[in-house]
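Below, read A as the first sequence line, B as the second, and so on, with proteins coming before strands; counting in each chain starts at 1.
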Amino acid sequence: MKSYAICDCDNFFASCERVFAPSLHDKPVVILSNNDGCIIARSSEAKALGIAMGTPLYQIKDFLEKNDVAVFSSNYTLYGDMSRRVMSLLSKYSPVFWQYSIDEMFLDLTGIASGNDLLSYCKSLRKTVTQGTGIPITIGIAPTKTLAKAASKFGKKYKGFKGVCMIDDETKRIKALKMLNVSDVWGIGRRTNKKLDYFGIKTAWDFTQKSEKWIQKEFTVTGLKTWKELQGVDCINVDELPEKKSICTSRSFADQGLADLSQIEEALTNFTAECSRKLRSQHSCCKMLTVFAYTSRFRDDVPQASIYKTIELPVPSNDRQELTGYVMKTLRAEWKAGTYLYKKAGIIVWEMTPDNAIQSDLLDTVDRDKQAALAKTIDAINLKNGQDAVHLAIQGHDKSWFLKCEHKSKQFTTNLKDIIHVK
DNA sequence: TCTGGGGTCCTAGGACCC
DNA sequence: TCTGGGGTCCTAGGACCC
């Protein structure tokens with residue numbers, strides 16, 4: 001039998017902020033999305049106040065003030081760095097691990113220990129992470145990943161588990177399934193839950209009592225995988241080091257949005273720069289590229305428009321200048337006459353190939369070696385002097401379209417000038 | 001007035017071919 | 001002009017995750 005552990009940071013973004021603001025230890029904390037738009041993370045105290053995920057800030061601004069809630073703009077540099085510290089500690093506890101998200105990691109603990117020994121192993125792991133980083137975590141252990149996720153739900157909900165919950169025999173499995181709402185099962189979302197509700201399926205246990213055939217018919221292969229995993233059959237496999245199949249860089253624009261082509265051009269050029277950097281960092285080139293821009297779906301008082309155009313590159317690339325050229329050409333070709341307030345835009349790249357295996361085109365006139373050398377040099381300069389110290393002219397420098405973030409904490413861990421002073 | 005960003009996987013349906 | 005079915009490939013969009 002397999003043993004998987006899911007290690008999940010508690011209220012990750014809020015916990016990161018609290019590491020550097022200890023006075024907020026028992027206080028409600030919320031984190032805002034880009035543009036300070038809506039709530040994307042909450043401390044347990046904030047959850048207890050009934051603040052829902054995704055609530056627009058303007059709707060609850062007064063409520064936050066009244067309840068003395070600490071408010072932060074998102075600081076992804078800080079969260080990314082804290083995540084790296086946590087993941088590095090976790091990965092020392094098993095040769096087989098898989099980082100599932102910024103704040104979660106699966107460990108394959110098969111054969112490392114079992115029963116009470118496995119429990120102690122994970123308790124010591126939890127202590128190491130909390131002491132080493134200041135971030136509290138919860139660990140769920142079970143023979144399948146879906147059951148491990150369920151175990152971590154219980155670990156978070158019931159304090160008696162002290163952050164480590166294990167489902168390792170039939171009695172515990174059945175008990176857990178009967179206590180678990182089917183909507184809380186990993187892989188069951190809102191829509192599926194609605195359908196399940198219609199069939200009178202309330203708990204994970206109810207779900208597992210249906211026949212395999214029926215599940216397959218109503219919920220396709222995805223539902224069937226979840227069904228099997230809940231029975232204890234390990235069938236969700238993951239790559240240990242997954243290469244991304246697509247990379248997306250997109251943003252919403254502040255306030256009403258942007259109307260001018262030149263502003264969207266500037267924004268998209270910056271997104272392209274970021275996207276090409278992500279491509280180069282995983283040593284990939286992309287063959288396909290999508291450019292998109294939308295007006296706000298929440299507004300019916302202004303005209304709506306959307307641009308969504310995919311192109312195929314003659315030769316796969318990860319070069320900023322070259323990709324920018326394609327993006328500009330596509331945007332200008334798709335630009336719609338009339339005045340529209342674009343609220344969001346971005347680019348997606350996919351169909352990746354390794355950057356050392358590019359099949360060049362006979363008609364390709366670009367000197368690929370020269371291009372790669374230039375990109376490498378610019379990346380090195382920017383690493384040393386700050387992102388986009390060297391940039392394309394069209395990227396602009398006033399960044400008028402750029403993000404609103406009025407409550408941002410400092411880069412405590414990644415910028416020397418923001419380091420904490422000890423008196 | 002203000003409402004996130006970045007992923008994966010699956011399927012329905014259109015285009016095309018025989 | 002009428003008449004059919006089956007296969008593949010592609011893509012937009014849905015559903016889910018954090």
Side-chain angles (χ1 to χ4, degrees), chain A residues 6-13 30-42 52-62 72-76 79-80 83 98-106 145-146 149 152-153 182-196 216-226 235-239 242-257 271 274-275 278-279 282 288 290 292 294-302 306 308-312 341 343-352 403-406:
Chain A
I6 177 75
C7 310
D8 189 349
C9 298
D10 301 341
N11 313 315
F12 182 59
F13 293 176
V30 297
I31 317 299
L32 305 174
S33 65
N34 280 330
N35 291 318
D36 295 345
C38 58
I39 311 281
I40 56 160
R42 307 150 296 159
M53 191 80 165
T55 314
L57 176 62
Y58 72 92
Q59 284 177 8
I60 56 161
K61 218 164 180 174
D62 295 342
F72 291 92
S73 302
S74 35
N75 184 344
Y76 288 104
Y79 311 149
S83 168
W98 173 49
Q99 186 176 344
Y100 176 63
S101 73
I102 192 166
D103 68 336
E104 283 173 90
M105 181 179 266
F106 283 103
K145 298 180 190 72
T146 306
K149 289 283 278 186
S152 90
K153 285 246 175 205
V182 73
S183 60
D184 287 334
V185 172
W186 189 45
I188 308 278
R190 257 193 14 251
R191 294 295 293 266
T192 308
N193 184 48
K194 211 172 156 189
K195 191 167 168 186
L196 288 167
Q216 161 99 59
K217 186 174 125 252
E218 296 292 336
F219 302 98
T220 74
V221 295
T222 328
L224 189 61
K225 272 189 181 174
T226 301
C235 60
I236 295 181
N237 296 312
V238 294
D239 297 325
E243 281 226 322
K244 291 208 175 101
K245 292 177 179 167
S246 71
I247 295 176
C248 169
T249 302
S250 75
R251 294 287 180 280
S252 291
F253 304 121
D255 306 321
Q256 301 232 21
F271 302 160
E274 193 179 327
C275 217
K278 290 179 192 167
L279 273 172
Q282 73 160 44
M288 305 297 283
T290 300
F292 66 89
Y294 301 121
T295 48
S296 171
R297 65 197 156 93
F298 296 103
R299 295 190 62 178
D300 44 22
D301 59 326
V302 292
S306 79
Y308 187 95
K309 180 70 183 175
T310 298
I311 59 160
E312 182 175 352
L341 288 164
K343 185 65 189 164
K344 181 174 182 167
I347 68 167
I348 309 166
V349 296
W350 80 94
E351 289 229 340
M352 318 287 199
L403 308 172
K404 197 159 87 182
C405 45
E406 290 165 353

Rounded to whole angstroms, how far apart are [atom1] on [X] and [atom2] on [N]?
X: A:Q99; N: B:dG6; atom1: CD; atom2: P; answer: 17 Å
X: A:D255; N: B:dG4; atom1: CG; atom2: P; answer: 13 Å
X: A:L57; N: B:dC2; atom1: CG; atom2: C1'; answer: 8 Å
X: A:D300; N: B:dT1; atom1: CG; atom2: P; answer: 11 Å
X: A:D62; N: B:dC2; atom1: CG; atom2: P; answer: 18 Å
X: A:I40; N: B:dG7; atom1: CD1; atom2: C1'; answer: 15 Å
X: A:I39; N: B:dG4; atom1: CD1; atom2: C1'; answer: 12 Å
X: A:D36; N: B:dG5; atom1: CG; atom2: P; answer: 12 Å

I'd like to know whether [atom1] of [X] has more than 12 heavy-atom contacts from other residues, nucleotides or ligands below 6.0 angstrom.
X: A:R297; atom1: CZ; answer: no
X: A:K153; atom1: NZ; answer: no
X: A:K309; atom1: NZ; answer: no

_Between B:dC2 and C:dC18, how many Å separate the two P atoms, rounded to a whole number?_
30 Å
_Among B:dG7, B:dG4, B:dC2, which nucleotide has an atom closest to any side-chain atom of A:S33?_
B:dG4
_Residue whose nearest DNA chain B nucleotide is more 5′ - A:T220 or A:S250_ = A:S250
_Along DNA chain B (nearest heavy atom to each residue), the more 5'-positioned of A:S296 and A:Q216_ = A:S296
*Do A:E104 and A:S152 come close enough that some side-chain heavy atom pair is under 4.5 Å?*
no
*Spell out, as yes or no, whether a donor-acceptor pair under 3.5 Å connects the side chain of A:S83 to the backbone of A:I102.*
yes
_Base-paired stems that DNA chain C participates in, counting runs of 3 or more Watson-Crick or G-U pairs under 3.5 Å_ = B:5-18 with C:5-18
*When every nucleotide of nucleotides 8-18 of chain C is labelled 5' to 3' by its protein contacts under 4.0 Å (heavy atoms), B for base, S for sugar-phosphate only, - for none, what sequence of letters results?*
-------SSSS
*asked:* Counting the atoms with a prime plus P, OP1 and OP2 as sugar-phosphate, which does A:T55 contact under 4.0 Å by heavy atoms, base, sugar-phosphate, or nothing?
replied: nothing
*Using a cut-off of strictly less than 4.0 Å, decide whether A:K344 has a side-chain nitrogen or oxygen near OP1 or OP2 of B:dG5.*
yes
